[in-house]
**Student:** 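Got a structure for you, written out below as C-alpha cells; questions coming shortly.
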Amino acid sequence: MTIYMAEFSRSHVEELAGRLTAPGISSYFPIELDPTGVSVTQGGYVEISYSKTFTLQGLQMQVVRRCHELALPNLEAPHSSLTRNQQENLRRYSYDLIGDSFRPHITLGRLLPAGTVQLTDLEFEKLAFTCNEMVLYRADSQGSGRELLKAIPQ
C-alpha cells in the first residue's frame, strides 16, 4: 500500500529511512488493514480498497511531514485529471493522494484495453492483513514498486 510516493535522489535513501525510524512513527504499528471493496479504475487498474482509518491517515501525515522536503518537484498529473485539492497536494508535497484525497488501496494489476475481470468470488476477509513494517521502493513510471531499497521494521 502506498502511503507516500515521490521522486527522491538515490543519495537520500538512508536519510529517508532515518526519518521513518525516528520516534513517533513506530507508535502507528502494527496497523490492521481491512478491505472495503475491489474495483477497476478508469485507467484499468484492479484495486483492493482498504478502510481509511484515523491511524492510517495519521501515519501518512507523519511520513509526508518528515519526507516531503527531500522530494524532487513534481507538477505532472500522474494518470488522470486531478481535483483542485490533488493539484495543491502535488504542488506542496510532490504527491496528489494526501489527506482527503488519500485512497488506501493495493493495486493487483492493470487490464489491457479489451480486458475484463470477474471480481464476484473474492472472499474479502482473506484480503485483510496486519502491516508491521514500512519499505522504500524504487518505482517505475507507472508507480509499481520495482526494487526494494530499504525495509524499515517498526
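Only this structure's heavy atoms are used, side chains among them; waters, hydrogens and symmetry mates stay out. Position 1 is the first residue of the sequence, and the numbers go up from there. All figures in this text were calculated on a predicted structure; none of them were measured in a lab.
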**Student:** Can you name the nearest heavy-atom pair linking Y137 to R146, along with the distance?
**Tutor:** CD2-N, 4.2 Å

**Student:** If you count heavy atoms of other groups shown closer than 6.0 angstrom to CG of N85, is the number above 12?
**Tutor:** yes

**Student:** Tell me the salt bridge (charged side-chain N to carboxylate O under 4.0 Å, His left out) pairs involving residues 25-54, sequence neighbours left out?
**Tutor:** E47-R103

**Student:** Measuring from atom CZ of R65 to atom OH of Y93, what distance do you get when rounded to the nearest 0.5 angstrom?
**Tutor:** 7.5 Å

**Student:** Checking the side chain of S51 only, and the main-chain atoms of T53 only, is there a donor and an acceptor separated by less than 3.5 Å?
**Tutor:** no

**Student:** About how many Å separate CG of D100 and OG1 of T83, when rounded to the nearest 0.5 Å?
**Tutor:** 9.5 Å

**Student:** What are the two closest non-hydrogen atoms of R110 and Y45, and how far apart are they?
**Tutor:** NH1-OH, 3.2 Å

**Student:** Where do N89 and D96 come nearest, in terms of heavy atoms and distance?
**Tutor:** ND2-O, 3.0 Å

**Student:** Does some side-chain heavy atom of L56 sit less than 4.5 Å from a side-chain heavy atom of Y28?
**Tutor:** no

**Student:** Sequence neighbours left out, what passes side-chain hydrogen bond (donor to acceptor under 3.5 Å, both in side chains) with Q60? Give chain and number order.
**Tutor:** none

**Student:** Starting from V135, can I reach F129 by hopping between I/L/V/M/F/W/Y residues whose side chains sit under 4.5 Å apart?
**Tutor:** no

**Student:** Would you say S94's side chain and L72's backbone share a donor-acceptor pair under 3.5 angstrom?
**Tutor:** yes

**Student:** Taking all atoms of both residues into account, what is the closest heavy-atom pair of L82 and Q86, and its distance?
**Tutor:** CA-OE1, 3.4 Å

**Student:** Does any part of the side chain of I152, heavy atoms only, come nearer than 4.5 Å to the side chain of I25, both counted from C-beta?
**Tutor:** no

**Student:** May I ask you to test the I106-Y50 pair for a side-chain heavy-atom distance under 4.5 Å?
**Tutor:** yes

**Student:** Decide side chain to side chain contact (heavy atoms under 4.5 Å, CB included) for T2 and Y95; before the verdict, give the C-alpha distance in whole Å, the side-chain angles of both, and the deciding distance to 0.1 Å.
**Tutor:** CA-CA 11 Å; T2 302; Y95 184 52; 3.6 Å; yes

**Student:** Hey, which of T107, I48, I31, L33 is the one that makes side-chain contact (heavy atoms from CB on, under 4.5 Å) with M1?
**Tutor:** L33

**Student:** Write down the atom of M134, the atom of F29, and the distance for their closest heavy-atom approach.
**Tutor:** CG-CZ, 3.3 Å

**Student:** I need the S26 OG to N132 CG distance, nearest 0.5 Å.
**Tutor:** 12.0 Å

**Student:** So, the side chain of Y4 versus the backbone of I98: is there a donor-acceptor pair under 3.5 Å, distance only?
**Tutor:** no

**Student:** So E15 and R19, salt bridge (charged side-chain N to carboxylate O under 4.0 Å, His left out) or not? Walk me through it.
**Tutor:** CA-CA 6 Å; E15 185 172 354; R19 291 179 181 210; 2.8 Å; yes

**Student:** Indicate the atoms forming the closest heavy-atom contact of M61 with G99, along with that distance.
**Tutor:** SD-N, 4.5 Å

**Student:** Nearest 0.5 Å, please: how far is CE in M5 from CG in N74?
**Tutor:** 9.5 Å

**Student:** Would you compute the distance between atom OG of S101 and atom CZ of R84 and round it to the nearest 0.5 angstrom?
**Tutor:** 13.0 Å

**Student:** Supply the atom-to-atom distance T21 OG1 to L16 CG, rounded to the nearest 0.5 angstrom.
**Tutor:** 10.5 Å

